[in-house]
There are 2 protein chains.
Amino acid sequence: MTTNLESESPPASRTRILDRAAQLILDKGFAATSMRDIASSVGVKAASLYHHFASKDEIFTAILERGIEVMVTAFEQVEATSTSEAETLLREHVRAHLGSLFEFGPYTAAHVTTFHNAPPVIYDAIVPRRDSYEAMWAGLFDRLEQQGSLNASDTSIARLVLFGGMNSTIEWFDPAGVLTLDDLADMIVDQFWHGVGSANAAHSRRAASGGAR
Amino acid sequence: MTTNLESESPPASRTRILDRAAQLILDKGFAATSMRDIASSVGVKAASLYHHFASKDEIFTAILERGIEVMVTAFEQVEATSTSEAETLLREHVRAHLGSLFEFGPYTAAHVTTFHNAPPVIYDAIVPRRDSYEAMWAGLFDRLEQQGSLNASDTSIARLVLFGGMNSTIEWFDPAGVLTLDDLADMIVDQFWHGVGSANAAHSRRAASGGAR
DNA sequence: GTCTATATCACGATAGAC
DNA sequence: GTCTATCGTGATATAGAC
């Protein structure tokens, strides 16, 4: 390596600014996070941020985009290495999404918690990318359904409810606790796939193919 | 009735202010909603709001409290009229919670979407009430588990994931569409109770009591 | 690339007339 | 109970020195 200056107390790079800003926005929300807050967290004055970004909106937009990028990358990585068995495939995707929320910086978490009331200009700019990630999951669910692996009366709603459950974990799950993200993914997929109601109590509606549980 | 003055264009009552404020806060978030915004929506000037509330924080706190109050009332009403069958009871509770989100003003919806990054003072003031609502659900789940109706490896996590799924509906469900809230509650409980994985694909783990699905 | 200084504006809140 | 007028503060953003 020709230089090692960058290894200690780096100058305020775009990445460093975004890292800190994303954490603040996750904690306090976008509107309540000031440029002075971000600058202070980075260790510079507010005016210096404008050398790296044109506006506060641009910082927020970059964070939301990065959040999606993390999720998309995680999804594609599973697709590239997956087995064909339905439940296992879903488990890997759920684990990957949880990884996006907890393991790759605050970008995805900030995206999930703050997107829905972002300023309209930002919201509209991000929606297409967000839709494209959602389309990946919709495609996955379509495939599972066509295989006969999925039995929901409405797969879109089943997917959205699963998503809501996954995304809510950032509000209550502590990845440093006794349960690992693998454990959590297992529990979520178990619940989604098999249900948690006792078979005894519920010999109801779909008393079909003499199967499991 | 002795007077009917109050039936048209009422003076800015506390309730009317809170109604409008809750809707704005649901849409834009607390920090991005100004007293001028609220006043404009009510049809008065900002200074007039201070005749009814001491501060913006007080308005927000009142909205968050009312959101919980709506949920608690809905929960208690189900408890007071419920049958004993586990799945039906859960269905009624899920329907009641969805009703709180969609049918009783924007209070509960605003609570769910904006609470997590409320200013610390407000957050701390609301947490106890929020915990008491959560305790009601925890109690319900404990009862279901002791009956043998619930089969989750961790009932708290099962409950939190269900909650995440329910609460996410305010971001994507349109109660004016083809599906009713009853339909939605059915789908969510079906998914939670029975799972949506095909029995064929998943004769796995818990191949227990020759039951349903 | 970061700083000081500042322009401009919107915010929450108050005072006091009506 | 609502208004006009305003205070003090902190917001985003810019200008220009270093």
Side-chain angles (χ1 to χ4, degrees), chain A residues 3-22 24-25 27-64 110 114 117-123 125, chain B residues 3-22 24-25 27-64 110 114 117-123 125:
Chain A
T3 170
N4 59 1
L5 285 179
E6 59 209 356
S7 53
E8 58 199 289
S9 173
S13 64
R14 276 181 70 98
T15 303
R16 208 172 118 78
I17 292 169
L18 291 180
D19 280 350
R20 304 306 186 107
L24 288 168
I25 289 173
D27 293 339
K28 309 199 294 177
F30 172 63
T33 300
S34 69
M35 292 297 269
R36 287 175 174 86
D37 288 339
I38 298 168
S40 158
S41 174
V42 172
V44 296
K45 298 295 180 181
S48 305
L49 298 176
Y50 290 88
H51 178 75
H52 302 273
F53 296 93
S55 68
K56 187 186 172 187
D57 280 6
E58 191 179 298
I59 292 179
F60 192 31
T61 304
I63 288 167
L64 293 174
T114 65
N117 51 11
V121 172
I122 297 176
Y123 187 93
Chain B
T3 171
N4 60 1
L5 285 179
E6 61 207 353
S7 55
E8 57 199 292
S9 173
S13 63
R14 275 181 70 99
T15 302
R16 207 172 120 77
I17 293 168
L18 291 180
D19 280 349
R20 304 307 185 107
L24 288 168
I25 288 172
D27 292 340
K28 310 199 296 178
F30 171 64
T33 300
S34 69
M35 292 296 271
R36 287 169 174 84
D37 287 339
I38 298 168
S40 159
S41 173
V42 172
V44 297
K45 298 295 178 182
S48 305
L49 297 177
Y50 290 88
H51 178 75
H52 303 274
F53 295 92
S55 67
K56 187 186 171 188
D57 279 6
E58 190 179 297
I59 292 180
F60 192 31
T61 303
I63 288 167
L64 294 174
T114 65
N117 50 14
V121 171
I122 298 177
Y123 187 93

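In the text below, chain A, chain B and the rest are named by the order of the sequence lines, each starting its count at 1. The model shown is predicted, which means the values in this text are computed figures rather than measured ones.
Between B/Leu64 and B/Thr114, the closest side-chain pair of non-hydrogen atoms falls below 4.5 Å.
The separation between A/Leu49 atom CG and C/dT2 atom P is 9 Å, rounded to whole Å.
Between B/Phe60 and B/Ala118, the shortest heavy-atom contact is CE2-CB, 3.7 Å.
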**Fill in**
Given protein heavy atoms under 4.0 Å, the one-letter contact record of nucleotides 4-17 of chain C, with B base, S sugar-phosphate only and - none, is simply B------BBBBB--
**Message:** Walk me through whether A/Phe53 and A/Leu18 qualify under side chain to side chain contact (heavy atoms under 4.5 Å, CB included).
**Reply:** CA-CA 10 Å; A/Phe53 296 93; A/Leu18 291 180; 3.6 Å; yes
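Under a 3.5 Å cut-off, the side chain of A/Lys56 and the backbone N or O of A/Phe30 do form a donor-acceptor pair.
Phosphate contact (OP1/OP2 of D/dC3, side-chain N/O of B/His51, threshold under 4.0 Å): absent.
Checked by atom type, the side-chain pair A/Asp37/A/Ser40 shows no donor-acceptor distance below 3.5 Å.
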